[in-house]
Every structure is written in structure tokens, then in C-alpha cells.
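The structure appears below as C-alpha cells.
What you see below is based on every heavy atom in this structure, not just the backbone, and it leaves out hydrogens, waters and symmetry mates.
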Amino acid sequence: MSEQIDTVPRERAALYFIQLSVGGKVVPKELQQRLQDKGFVTALCEGGRRWLTERGDTIHRRGRE
């Protein structure tokens with residue numbers, strides 16, 4: 001994954017809360033869409049959930065640098 005994509009702290013923090021769970025922190029829809037546009041999360045799946053992509057998981061594991 002050589003392509004560098006800029007992220008802001010709010011986006012990196014939101015990756016922790018994807019997939020959305022009952023009682024969990026709500027990630028605003030516009031932020032979810034931005035993460036999807038950057039390739040960090042999937043489109044909405046059955047049941048209304050999103051999942052991290054490999055790229056999103058890499059950013060998530062790197063932490064909030």
C-alpha cells in the first residue's frame with residue numbers, strides 16, 4: 001500500500017467505532033461517507049453495518065498518531 005491518503009484525527013478516531021454497534025458511539029453519516037470515499041470502510045452492508053477495509057484496518061492499527 002504505497003499510496004498515501006491524508007486523514008484527520010477525527011477520521012482516524014472514527015475508525016475505532018466502525019462497525020457500529022447498539023449502544024456504541026455514533027459516527028455521523030457524513031464522516032462514514034468520507035471514510036468510504038477514502039476506501040477505509042465498506043458501503044453499508046445488510047443490517048446497516050459497515051466494516052473496515054484492509055486499508056482502514058491498517059490506519060486503525062497504526063493508532064492515533
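Remark: Ile18 CD1 to Phe40 CZ distance equals 12.0 Å, nearest 0.5 Å. Once rounded to the nearest 0.5 Å, the distance linking CG of Leu52 with CZ of Arg61 reads 9.5 Å.
Arg50 and Thr42 form no side-chain donor-acceptor contact under 3.5 Å, judged by distance and modelled atom types alone.
Side-chain contact between Gln32 and Val41 is absent, with no heavy atoms from C-beta onward closer than 4.5 Å.
Scanning both residues, Ala14 and Leu35, for their nearest heavy atoms gives CB-CD1, 4.0 Å.
Hydrophobic clustering, with ILVMFWY side chains joined whenever heavy atoms are under 4.5 angstrom apart, groups Leu31 together with Tyr16.
Residues that satisfy the side chain to side chain donor-acceptor pair (under 3.5 Å) test with Thr53, not counting sequence neighbours, are absent from this structure. Partners of Asp37 by side chain to side chain donor-acceptor pair (under 3.5 Å), not counting sequence neighbours, listed by chain and number: Gln33. Judged as a side chain to side chain donor-acceptor pair (under 3.5 Å), and not counting sequence neighbours, the contacts of Glu11 are Arg34, Lys38. Applying the salt bridge (charged side-chain N to carboxylate O under 4.0 Å, His left out) criterion to Glu30, with sequence neighbours excluded, gives Arg10.
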